[in-house]
Protein chains: 2
Amino acid sequence: MARTQGSHSDITGPRIREAALGLFARHGYAAVSMRQIAGEVGVQAGALYNYTPDKQSLLFRLMRDHMQDLLAAYEELEQFDDPQDALRQFVGFHIRFHLQRPDEVFIAYMELRNLTPENFTEIEALRRRYEDSLESILRIGQQSDQFSVTDTKIATLAVIAMLNGVITWYRSGGRLSLDEVEQVYWDMVRKAVTA
Amino acid sequence: MARTQGSHSDITGPRIREAALGLFARHGYAAVSMRQIAGEVGVQAGALYNYTPDKQSLLFRLMRDHMQDLLAAYEELEQFDDPQDALRQFVGFHIRFHLQRPDEVFIAYMELRNLTPENFTEIEALRRRYEDSLESILRIGQQSDQFSVTDTKIATLAVIAMLNGVITWYRSGGRLSLDEVEQVYWDMVRKAVTA
DNA sequence: GTCTATACTAAGATAGAC
DNA sequence: GTCTATCTTAGTATAGAC
């Protein structure tokens, strides 16, 4: 018979994280109970509190780590001088990164309102940093007349909104390959910001 | 002293709807309690059940009515033969309609997963009908070579995703007028789908 | 139609045994 | 580190008085 007690600190922590990630993404933070999370991990609810001070921290850490991973991955990319190259890279990076982490992305967009004010401020700052990196590409391209957008801030938000739409419908193994999806979106983004 | 009892059937119903709308939009369906809604209306929680069989119906009716209003308003518009005219009209209509009803729109996008399966199916069908009206504009324009998109279905979703981004940042009285916003987005959409 | 009161269930979190 | 047990609060929904 499987033991029901004992020490598993090194595996339980990650499993709690995984379970919370999946459940929050599927049902929403507010609709998920600590007991559900515990059930998925295979421990009792009380045991979760050896790993997190409370439910809010579980959400916050998922979101913060996701945003930090996103920024770190983006900032490691090759730097292009040509804004068109940089934009193409951004589009490809954004689509691939987000499709690899659908649950994290979903949570990052849907659960902002369930963060405490302090936590919200911190996540917003990270999100803002990412948006700014796209806006600076558009601004440089605008100054060199390679791009033609009425408003770089709005164009930034419009491009990101458009790209985020991918995760609502893309399924790997579907009609289009990842390369094709990337190509289709790059085509639309390029045309939208060009004269 | 204000009376705390009595008949108010004609005003309480709409007020419950308003309160639920605002609270669901702000905090999310799962995070809002019937007591909170009742508190906002100024009645006791039990009184809500004279107007709705349960909390789920409150959500479902808000979403269904919103989608029906959207479709009815769109279908009343002038029919254009030229796909470019039709697309321009769609962009303007979508932005204006959505900015006039930010709470309904927010709920319609965020709370799909909190619908029962039957209710979800019904809302999805309505949403699909709306998307199809845009796709048919793009398809006609594609056939006449006025538009050039790799895939009309993806282009449809991309355009709607881009336009929906407006409601996350637009505030009336802000830097740009509604006409200017409409113009900026029309400019991007037109270019994105044109050769 | 609304109130008070409550049945019933479940939530987040903690205490102490093992 | 996990379990069982429990505290405390709050949820949806209903019953019956007014």
Side-chain angles (χ1 to χ4, degrees), chain A residues 1-24 26-63 107 111 113-119, chain B residues 1-24 26-62 107 111 113-116 118-119:
Chain A
M1 176 166 164
R3 70 173 173 179
T4 55
Q5 294 201 352
S7 242
H8 304 280
S9 67
D10 41 353
I11 55 170
T12 303
R15 290 192 52 195
I16 290 172
R17 197 192 156 83
E18 295 285 304
L21 177 69
L23 288 168
F24 289 168
R26 205 155 34 254
H27 306 294
Y29 173 77
V32 171
S33 71
M34 295 298 267
R35 284 176 172 79
Q36 270 180 280
I37 297 170
E40 189 121 315
V41 173
V43 297
Q44 292 301 311
L48 300 182
Y49 292 88
N50 289 315
Y51 299 90
T52 180
D54 49 31
K55 191 184 172 192
Q56 169 71 204
S57 297
L58 223 40
L59 175 63
F60 173 63
R61 287 174 193 169
L62 285 171
M63 291 178 73
I107 290 171
E111 304 298 352
R113 62 185 168 188
N114 285 310
L115 291 171
T116 60
E118 305 76 43
N119 288 343
Chain B
M1 176 168 165
R3 70 174 175 180
T4 55
Q5 294 200 352
S7 242
H8 305 280
S9 67
D10 41 352
I11 55 171
T12 303
R15 289 191 55 195
I16 290 172
R17 197 192 156 83
E18 295 285 304
L21 177 68
L23 288 168
F24 289 167
R26 205 157 31 254
H27 306 294
Y29 173 77
V32 171
S33 71
M34 294 299 265
R35 286 192 226 279
Q36 269 179 280
I37 297 170
E40 189 121 315
V41 173
V43 297
Q44 292 300 311
L48 299 182
Y49 293 87
N50 290 317
Y51 298 91
T52 180
D54 50 30
K55 191 184 172 191
Q56 169 71 202
S57 297
L58 224 39
L59 175 64
F60 173 62
R61 287 174 192 169
L62 285 172
I107 291 170
E111 304 298 352
R113 62 184 168 190
N114 284 312
L115 291 171
T116 61
E118 305 77 41
N119 289 344

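Predicted model, so just to flag it, every value in this text is computed and none were measured. A note on names: the letters A, B, ... follow the listed sequences, proteins ahead of strands, and every chain is numbered from 1.
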In this structure, CD of A/Q36 is separated from CZ of A/F24 (nearest 0.5 Å) by 9.5 Å
If we check side-chain contact (heavy atoms from CB on, under 4.5 Å) with A/L59, which of these qualifies: A/R61, A/M63, A/K55? A/M63
Under 4.0 angstrom between A/Q44 side-chain N/O and D/dT2 OP1 or OP2: no
Send over the distance from B/Q36 CD to D/dG11 P, rounded to a whole Å. 7 Å
Gap between atom CD1 of B/I11 and atom CD1 of B/I16 - 0.5 Å precision: 10.5 Å
Testing B/I37, B/L62, B/L58 for side-chain contact (heavy atoms from CB on, under 4.5 Å) with B/R17, which one passes? B/L62
Minimal heavy-atom distance between A/L115 and A/Q56, with the atoms involved, is CA-OE1, 3.4 Å
With the side chain defined as heavy atoms from C-beta on, B/A47 is closest, among D/dT2, C/dC3, D/dA13, to C/dC3
Which whole-number value in Å describes the distance from B/L48 CG to C/dG1 P? 13 Å
Whole-Å gap separating P (C/dC18) and CG (A/N50): 18 Å
Please report the interatomic distance OH(B/Y29) to CG(B/N114), rounded to the nearest 0.5 Å. 6.5 Å
Looking at D/dG1, I'd like to know if its phosphate oxygens (OP1 or OP2) sit under 4.0 Å from a side-chain N or O belonging to A/T12. no
Using modelled atom types only, decide if a donor and an acceptor are shared between the side chain of A/E40 and the backbone of A/A19 within a distance under 3.5 Å. no
Atom CG of B/D54 to atom P of D/dT14: distance rounded to whole Å? 8 Å
Between the protein and nucleotides 6-10 of chain D, list every N/O to N/O distance that falls short of 3.5 Å.
none

Rounding to an integer number of Å, can you tell me how far B/H27 NE2 sits from D/dG11 C1'? 16 Å
From A/I107 CD1 over to A/R26 CZ, what is the distance, rounded to the nearest 0.5 angstrom? 10.0 Å
Inter-end axis angle, the helix from C/dG1-D/dC18 to C/dC18-D/dG1, with every axis fitted to five base pairs (rounded, 10 degrees): 0°
If I take atom OH in residue B/Y49 and atom C1' in nucleotide C/dA7, what distance separates them, rounded to the nearest angstrom? 13 Å
Calculate the interatomic distance between B/Y51 atom OH and D/dT12 atom P; express it in whole Å. 19 Å
Can you tell me how far P of D/dA13 sits from CD1 of B/I37, to the nearest Å? 10 Å
Scan A/V41 against the nucleic acid and name what it touches under 4.0 Å (heavy atoms): base, sugar-phosphate only, or nothing. nothing
Rounded to the nearest 0.5 Å, what separates atom OG in B/S57 from atom OH in B/Y51? 16.0 Å
Reading DNA chain C from 5' onward, which residue's closest nucleotide shows up sooner: B/G42 or A/M34? B/G42
